[in-house]
Asks: 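Right, I'll just put the structure down here and ask away after.
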Amino acid sequence: MSVNPMAYEAQFFGFTPQTCMLRIYIAFQDYLFEMMLVVERVILKKLESFPTSKITPLQIRKSTEKFLLFMKNRFDHLFSKMEQILLQLVLNIPKNVLLPEDKVHEQYPYSKEEFHTLQGEIDELQKQYKVEVSAGQALLAELEEQKIVQTELEKILQWFDGLENVCREHGTSNLKESFAFLTQTAKKLQDTLDEVEKKNKRLQ
């Protein structure tokens with residue numbers, strides 16, 4: 001069997017020429033073995049017509065095996081020649097033939113140096129893309145945080161609106177005055193609580 005990988009032929013045919021030749025070889029070999037078995041059975045059947053014959057089935061089997069070995073050697077010799085002819089003249093794509101899917105290489109030829117340069121540029125672009133993706137993810141995370149902060153700020157503003165409404169109900173429209181009012185009210189409540197605790201202690 002040929003050791004040439006014949007990758008271009010495999011791209012065109014969808015299988016390697018060596019695989020094709022191996023299957024042909026196995027098919028011929030199997031057919032040869034089957035034919036020798038048939039021949040052996042015919043000889044044995046003919047032998048039954050001559051009861052006085054000194055030829056035994058074991059001798060016939062040995063002769064069949066010897067003949068099979070001879071035929072196999074001849075077959076291998078002939079097949080190697082046939083394989084060489086098929087691989088060179090039938091299953092071979094000439095060097096000057098370009099497959100349709102590879103026409104782009106003919107239109108835009110690149111040397112190895114140019115290819116390596118392009119490969120380096122692609123690698124650099126991939127790195128930049130990864131950096132951009134990471135930065136985008138960081139911005140999205142920051143945006144989510146800003147949304148959370150905005151939600152909390154809206155809650156605080158709603159609380160201030162509610163506080164302002166309460167203050168208006170008590171006749172205070174200025175926010176500073178509202179805080180002062182709340183502070184005074186809290187102080188009065190604390191004083192009242194202290195006085196109640198003192199009276200409670202006296203009663204005890």
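One is the number of the first residue; the rest follow in order along the sequence.
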Asks: State the CD-CE distance between Gln84 and Met82, to the nearest 0.5 angstrom.
Replies: 12.0 Å
Asks: How about Phe67: does its CZ atom have over 12 heavy atoms from other parts shown lying under 6.0 Å from it?
Replies: no
Asks: Side-chain contact test, heavy atoms from C-beta onward, threshold under 4.5 Å: evaluate it for Ile122 versus Gln126 and give yes or no.
Replies: yes
Asks: Within this structure, what is the CD-CG distance for the pair Glu9 and Asn92, rounded to the nearest 0.5 Å?
Replies: 5.0 Å
Asks: Say whether Ile26 and Phe33 are linked into one hydrophobic cluster, either directly or through other cluster members, by side-chain heavy-atom distances under 4.5 angstrom.
Replies: no
Asks: Would Leu86 end up clustered with Leu78 when hydrophobic side chains under 4.5 Å apart are linked, directly or stepwise?
Replies: no
Asks: Let me check something: do Val90 and Phe79 share a hydrophobic cluster, defined by ILVMFWY side-chain heavy atoms less than 4.5 Å apart, either directly or through other members?
Replies: yes
Asks: Under a single-linkage definition using a 4.5 Å side-chain heavy-atom cutoff for Ile, Leu, Val, Met, Phe, Trp and Tyr, are Leu87 and Phe75 assigned to the same hydrophobic cluster?
Replies: yes
Asks: To the closest 0.5 Å, what do you measure between CG (Leu32) and CG (Leu37)?
Replies: 10.0 Å
Asks: Quick check: do Leu44 and Glu40 have side-chain heavy atoms less than 4.5 Å from each other?
Replies: yes
Asks: Is it the case that more than 12 heavy atoms not belonging to Phe28 sit under 6.0 Å from its CZ atom?
Replies: no
Asks: Enter the distance from Leu69:CG to Thr64:OG1 here, rounded to the nearest 0.5 Å.
Replies: 12.5 Å
Asks: Check this for me: Phe12, atom CZ, are more than 12 non-hydrogen atoms of other residues, nucleotides or ligands nearer than 6.0 Å?
Replies: no
Asks: Identify the heavy atoms of Met21 and Glu83 that sit nearest to each other, and give their distance.
Replies: CE-CA, 3.5 Å
Asks: Does a salt bridge link Lys127 with Asp123, judged by any charged N lying under 4.0 Å from a carboxylate O?
Replies: no
Asks: Counting only heavy atoms not in Ile55, do more than 12 fall under 6.0 Å of its CD1?
Replies: no
Asks: Please find the pair of heavy atoms, one from Phe13 and one from Leu91, that lie closest to each other, and give the distance.
Replies: CE1-O, 3.7 Å
Asks: Taking atom CD of Gln29 and atom CG of Leu22, what is their separation to the nearest 0.5 Å?
Replies: 10.0 Å
Asks: For the hydrophobic clusters of this structure (ILVMFWY residues joined by side-chain heavy atoms under 4.5 Å, transitively), does one cluster hold both Leu68 and Ile43?
Replies: no
Asks: So, for Pro17 and Ala10, which heavy atoms are closest and what is the spacing to 0.1 Å?
Replies: CD-N, 4.4 Å
